[in-house]
Amino acid sequence: MLEKSLSINFFLKPSREKSDFGIDHLRITFDGIRKDTSISHKGDTKRWNQKYGHANGAKEDAKTINYILDTIVSKITKYKLELLSNEELITASVLMDYIQGKGTRKVKVLEEFQMHNDEIFRLVPKEYAIGTHERYVTILKKKDFKLE
């Protein structure tokens with residue numbers, strides 16, 4: 001599969017109120033098709049570099065927002081490489097859905113706890129006593145917990 005062009009841009013949309021703060025937006029463009037979303041962070045329009053899509057300055061708020069933006073870019077790039085290696089379809093919508101958490105199955109706490117119990121059981125008697133496993137199982141048997 002030939003790699004197609006990917007562009008990740010951040011920009012500040014001015015707020016509707018008359019102030020010096022705007023809301024950060026993410027734009028993913030893949031193969032000429034673009035998707036936009038708000039990332040719900042406010043930034044000072046006076047300290048925003050529209051060309052580079054980052055906040056200017058060394059203050060803590062600028063460092064924080066730039067770290068968040070760099071993390072988003074890193075996640076998108078990593079997911080794109082994962083899709084390429086699995087030879088799956090890559091679109092701007094797929095990448096945007098990934099960033100927004102759509103379409104991904106979230107592991108519930110009790111499911112995670114059950115997986116933990118299964119792992120403990122596999123390690124009995126090598127690393128854990130059977131009593132340890134039984135205590136973990138008892139927790140899930142409480143009437144208030146339901147594994148769905």
Side-chain angles (χ1 to χ4, degrees), residues 1-124 126-128 132-133 136-137 139-142 144-148:
M1 169 186 258
L2 291 174
E3 187 172 334
K4 299 184 180 181
S5 64
L6 171 67
S7 174
I8 304 166
N9 299 322
F10 297 96
F11 56 96
L12 207 59
K13 278 193 174 177
S15 65
R16 294 181 181 177
E17 305 163 5
K18 296 204 175 204
S19 68
D20 293 332
F21 290 92
I23 300 171
D24 283 322
H25 275 66
L26 163 67
R27 175 176 289 156
I28 297 175
T29 307
F30 188 80
D31 197 25
I33 299 170
R34 67 183 188 192
K35 293 288 181 179
D36 294 354
T37 188
S38 170
I39 56 173
S40 302
H41 287 283
K42 290 189 175 188
D44 187 355
T45 56
K46 293 178 184 174
R47 295 184 24 215
W48 182 258
N49 186 330
Q50 195 72 12
K51 181 178 179 183
Y52 295 111
H54 275 73
N56 291 331
K59 290 186 177 181
E60 192 63 34
D61 62 336
K63 288 181 181 180
T64 301
I65 190 70
N66 288 339
Y67 177 77
I68 291 168
L69 300 180
D70 291 341
T71 302
I72 292 170
V73 170
S74 175
K75 285 181 179 180
I76 293 170
T77 305
K78 183 179 175 185
Y79 187 61
K80 179 189 142 209
L81 291 174
E82 183 180 318
L83 292 173
L84 277 173
S85 67
N86 294 334
E87 296 182 3
E88 294 181 35
L89 179 66
I90 303 172
T91 64
S93 295
V94 168
L95 296 172
M96 187 63 75
D97 288 347
Y98 174 74
I99 289 299
Q100 294 175 333
K102 296 178 184 174
T104 57
R105 185 179 177 277
K106 303 221 186 304
V107 178
K108 296 177 183 171
V109 173
L110 294 178
E111 290 175 358
E112 186 72 31
F113 199 80
Q114 181 61 50
M115 291 187 311
H116 169 266
N117 289 356
D118 295 342
E119 181 66 23
I120 294 293
F121 185 71
R122 282 192 290 277
L123 296 174
V124 170
K126 298 173 214 158
E127 295 183 33
Y128 293 97
T132 303
H133 176 259
Y136 286 125
V137 170
I139 292 171
L140 281 178
K141 287 183 179 179
K142 297 290 184 186
D144 295 337
F145 291 124
K146 290 185 180 178
L147 188 59
E148 296 176 12

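Model, not experiment: these values are computed from the prediction. We number each residue from 1, following the sequence as shown.
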To the nearest 0.5 Å, tell me how far [X] [atom1] sits from [Y] [atom2].
{"X": "Ile65", "Y": "Phe10", "atom1": "CD1", "atom2": "CZ", "result": "8.5 Å"}
{"X": "Gln50", "Y": "Asn9", "atom1": "CD", "atom2": "CG", "result": "9.5 Å"}
{"X": "Leu95", "Y": "Lys80", "atom1": "CG", "atom2": "NZ", "result": "8.5 Å"}
{"X": "Glu112", "Y": "Asn117", "atom1": "CD", "atom2": "CG", "result": "10.5 Å"}
{"X": "Ile8", "Y": "Ile72", "atom1": "CD1", "atom2": "CD1", "result": "9.5 Å"}
{"X": "Phe113", "Y": "Tyr136", "atom1": "CZ", "atom2": "OH", "result": "6.5 Å"}

Can you name the salt bridge (charged side-chain N to carboxylate O under 4.0 Å, His left out) partners of [X], sequence neighbours left out?
{"X": "Asp31", "value": "Lys4"}
{"X": "Arg34", "value": "none"}
{"X": "Asp36", "value": "Arg27"}
{"X": "Glu82", "value": "none"}

- Fit a plane to each ring of Tyr98 and Tyr79, take the angle between them on a 0 to 90° scale, and name the class: parallel (under 30°), tilted (30 to 60°) or perpendicular (over 60°). parallel
- Does the side chain of Thr132 come within less than 4.5 Å of Val124's, by heavy atoms? no
- So do Asp97 and Lys35 actually touch side chain to side chain, heavy atoms under 4.5 Å?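 Side-chain contact under 4.5 Å: no.
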Looking at residues at least two apart in the chain, or sitting in another chain, which of them share a side chain to side chain donor-acceptor pair (under 3.5 Å) with [X]?
{"X": "Thr37", "value": "Gln100"}
{"X": "Thr91", "value": "none"}
{"X": "Thr77", "value": "none"}
{"X": "Asp61", "value": "Arg47"}

- Task: State, to 0.1 Å, how close Ala62 and Gly57 come at their nearest heavy-atom pair, and which atoms those are.
- Result: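 So the minimum-distance heavy-atom pair works out to CB-O, 3.8 Å.
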- Task: Of all the heavy-atom pairs spanning Ala92 and Ile28, show the shortest one and how long it is.
- Result: CB-O, 3.9 Å
- Item | Listed once per pair and sorted, the side-chain hydrogen bond (donor to acceptor under 3.5 Å, both in side chains) pairs that draw on residues 62-75, sequence neighbours left out |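 Residue pairs passing side-chain hydrogen bond (donor to acceptor under 3.5 Å, both in side chains), neighbours aside: His54-Asp70.
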- Task: Just jot down the side-chain contact (heavy atoms from CB on, under 4.5 Å) partners of Leu123, sequence neighbours excluded, or say none.
- Result: Glu119, Glu127, Tyr128
- Message: Could you work out, with side-chain contact (heavy atoms from CB on, under 4.5 Å) as the rule, every residue matching Asn56, not counting sequence neighbours?
- Response: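 In terms of side-chain contact (heavy atoms from CB on, under 4.5 Å), with neighbours along the sequence ignored, Asn56 is linked to Asn49.
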- Partner residues of Phe121 under the ring pair (Phe, Tyr, Trp, His ring centres under 6.0 Å) criterion, sequence neighbours left out: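 So Phe121 forms a ring pair (Phe, Tyr, Trp, His ring centres under 6.0 Å) with His133.
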